[in-house]
Amino acid sequence: GAPQQYKVMATGLKVFAFWRKGFSAWMQPPLKEGDTLFLTAHGDDWMEEIMHESESSRYFPASYKKMGHLKVIAVPERMPADRSKKMMPIDAEFFKRLLWRADIEVLRCWMRSILIRDKDIKPILTKYVKNGCDAPSESWKASGAGASAAQPYCFSGRYFSNFLNKNWQEITGIMGKDKKIAQNFAAIWHRGESSKIKQDKGQLAEKITFKKSSLAASLTVLVRLGLPFIKVPQILQIQPYFQLSMAYNVQTIIAAVKARLPVNFTVYGKKFAVQKTEMEEFKERINRCKKCVRSKKAFCDQQWVAKAMLTEDLISEVDACMDKTLEDAKKCYRFQLPDGIKMKTGSIYKKEICPCFDAVSGDPIRPEWITTESHCEEMRVPGEGEELRRATKQNDWALGFHGQGSTTKKMMLGNTLDYSKSLKGCQAGFRCCGSIAGGVEKLRCIKIKSLQKSGGLLASTFKVGKCKYFKPSNTTGSEWAHVKEEYRCSPTDPANSPFDGHWALDDTGKKWAKVQKAGA
């Protein structure tokens, strides 16, 4: 866990930073050869960059070091001498940043080592804790709690949260013995009517009801090639063949289309019928994020947490560009509400939404604090797209596609679905008809008056223009039938489209001919 300075080496593999621990969180662009980093190792095969506490975190897998992509070039002065590496001085500011980024288990290890080597440090630490926690501040005295009462949040929020989770059953068991105390205790934790998480007062617990639906759709193609039998009568028979099976996950296409359909938005209780797709709004948020970090500020990505925790009638767009300070970072992580937004909640959630949890898994979640443009590109895609994108990025990492320098671009969809002006179907007075001959589909727009005339006296009299009356002499195959999806009879790609133009009876009324102008 001791800090070390690393250099990006020229090994042919690109080195990427990660915005969180996980192989789906790598960020573009890659680091440049020769770049230097100050890193501290965590106990889970990850290393974190030592930066100011107001910056968003950057992680690197320990495998970069093992494989030689990152090389140690400097170590702290007080580490055992290594003549192959230069000594790295550590000042008070660097040490402060190190404490902020170091793994908690590493800090505990350091502290145990210090206590063993320097026994005089323990009374100093004891006095520091006593003065910092037991002695109430002026603001705490002014609250009326009493001068002898200990201040709240003497320990870190994470430690306090773990303590409550570990001892919650015992705490609620004691509270439940007195009904009035239990009610007062439950009122403190009340999240309000605008929260999706509701309170189970009987058990002093929180619960959430959600509906999750999924559409599993796939396309499977099976190709089988059989070879000649090998048969020895009464002894053996061999039937060789080759088989290729391909399965396509159509759900990804459905999710992509869904994210590109127009939706409405609600901002702080006001509904706006803005015809934007989820992807259009997502790209706009990325641009706002980049604009924010370019101005030397930090972007607080709270929207996805708001959608997990709050009902749509309160908040659905709450991203904020904030000063890049530790205090504002804490406000972001706690999901502190903007001034003027009031919620009827208990005292704990009066101005803050978090602690927050995922509705399905129950895992803790919190807003993202973003300070780089690379991190802006990694904001969460709306809907099911995020899960699919993360799976794709992790797969790319596993296969090594991310670092090979390939310039091949995948087929990219736009941010919205635009209806093609050419897909109008048949012109007025024509009907879309189709037939299949030899496994090949043919589509034609047939003039309705010509169909009525070709159908005979009854069809002409009662104006019945059915596709089955279309019987051109130069085609074979199944009987022509009406194609209800009229848009299919559209002039698209002539080389690959089954559409064959507009047709009508000629002047003689006996021969079908292709109409050069549909209005003719």
Side-chain angles (χ1 to χ4, degrees), residues 1-11 13-23 25-27 29-118 120-122 124-125 128 156-159 298 324-327 329-330 333 368-372 374-375:
Q4 293 179 323
Q5 188 178 21
Y6 292 80
K7 181 180 179 181
V8 179
M9 306 303 293
T11 60
L13 183 72
K14 295 181 180 179
V15 173
F16 292 85
F18 293 69
W19 60 271
R20 63 173 172 81
K21 296 177 181 180
F23 292 119
W26 52 277
M27 299 184 292
L31 276 66
K32 298 178 181 178
E33 294 177 6
D35 285 352
T36 57
L37 306 162
F38 291 99
L39 304 177
T40 175
H42 290 189
D44 52 4
D45 289 331
W46 285 89
M47 300 182 291
E48 184 173 359
E49 186 173 4
I50 302 170
M51 299 183 293
H52 192 272
E53 54 267 26
S54 64
E55 297 284 349
S56 54
S57 299
R58 292 210 311 174
Y59 300 96
F60 296 85
S63 58
Y64 277 158
K65 179 182 178 180
K66 297 175 183 178
M67 299 174 67
H69 308 309
L70 290 177
K71 181 181 179 180
V72 179
I73 59 173
V75 296
E77 287 181 337
R78 299 191 65 179
M79 284 185 67
D82 184 349
R83 300 303 179 186
S84 66
K85 302 176 180 65
K86 68 178 182 180
M87 297 296 103
M88 182 177 67
I90 295 180
D91 56 16
E93 180 61 28
F94 184 87
F95 188 67
K96 179 182 177 183
R97 297 179 182 181
L98 173 61
L99 292 178
W100 183 259
R101 300 292 177 179
D103 184 55
I104 185 65
E105 293 301 324
V106 172
L107 290 177
R108 288 171 178 166
C109 178
W110 290 348
M111 185 54 61
R112 285 193 293 267
S113 300
I114 292 173
L115 291 174
I116 293 173
R117 293 163 54 185
D118 190 349
D120 293 336
I121 197 70
K122 186 173 182 179
I124 298 174
L125 292 174
Y128 176 82
S156 70
R158 182 180 297 179
Y159 183 91
K324 193 161 63 172
T325 63
L326 178 59
E327 185 60 33
K330 291 179 178 179
Y333 290 139
E368 292 292 342
W369 180 254
I370 301 175
T371 60
T372 64
S374 297
H375 198 172

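Please read these numbers as outputs of a predicted model, since none were measured by experiment.
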Side chain to side chain contact (heavy atoms under 4.5 Å, CB included) for Lys66 and Asp45? Distances and angles first, verdict last. CA-CA 10 Å; Lys66 297 175 183 178; Asp45 289 331; 4.1 Å; yes

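Looking at every heavy atom in both residues, Met47 comes nearest to Ala62 through CE-CA, 4.2 Å. Shown here for Phe18 and Met27, the closest heavy-atom pair between the two residues is C-CE, 4.0 Å. Summarising the geometry of Trp369 relative to Ser54, their closest heavy-atom pair is NE1-O, 2.6 Å, with the distance given to 0.1 Å. Nearest heavy atom pair, residue Ala102 against residue Leu107, reads CB-CD2, 3.9 Å. The minimum heavy-atom distance linking Arg101 with His42 is given by the pair O-NE2, 3.0 Å. In terms of heavy atoms, Thr372 sits closest to Ile370 at O-CG2, 3.5 Å.
Side-chain rings of Phe60 and Tyr6 stay apart, their centers remaining 6.0 Å or farther from each other.
Of the inter-residue distances, the one linking Lys71 atom NZ with Thr36 atom OG1 reads 14.0 Å to the nearest 0.5 angstrom. Rounding to the nearest 0.5 angstrom, the gap separating the CD atom in Glu53 from the OG1 atom in Thr325 is 10.0 Å. Atom OH of residue Tyr59 and atom CH2 of residue Trp19 lie 10.5 Å apart, to the nearest 0.5 angstrom.
With salt bridges taken as basic N to acidic carboxylate O contacts below 4.0 Å, none links Glu368 and Arg20. Salt bridge annotation for Arg108-Glu105: present, with a cationic side-chain nitrogen under 4.0 angstrom from a carboxylate oxygen.
Remark: the backbone N or O of Val8 is not paired with any side-chain donor or acceptor of Tyr64 at under 3.5 angstrom. Thr371 contributes no side-chain N or O that, together with a main-chain N or O of Ala298, makes up a donor-acceptor pair within less than 3.5 Å.
With Ser57 as the fixed residue, the side chain to side chain contact (heavy atoms under 4.5 Å, CB included) test singles out one of Met51, Glu48, His375, Lys21: Glu48. Partner Ile50 forms a side chain to side chain contact (heavy atoms under 4.5 Å, CB included) with one of Leu37, Leu98, Leu39 and no other, that one being Leu98.
Side-chain contact check for Lys7 versus Met9: some heavy-atom pair is nearer than 4.5 Å.
Ring-plane geometry between Trp46 and Phe23 is classed as tilted, the angle between the planes lying from 30 to 60 degrees on a 0 to 90 degree scale.
For the 3.5 Å distance criterion, the side chains of Lys324 and His52 fail to qualify, holding no donor opposite an acceptor.
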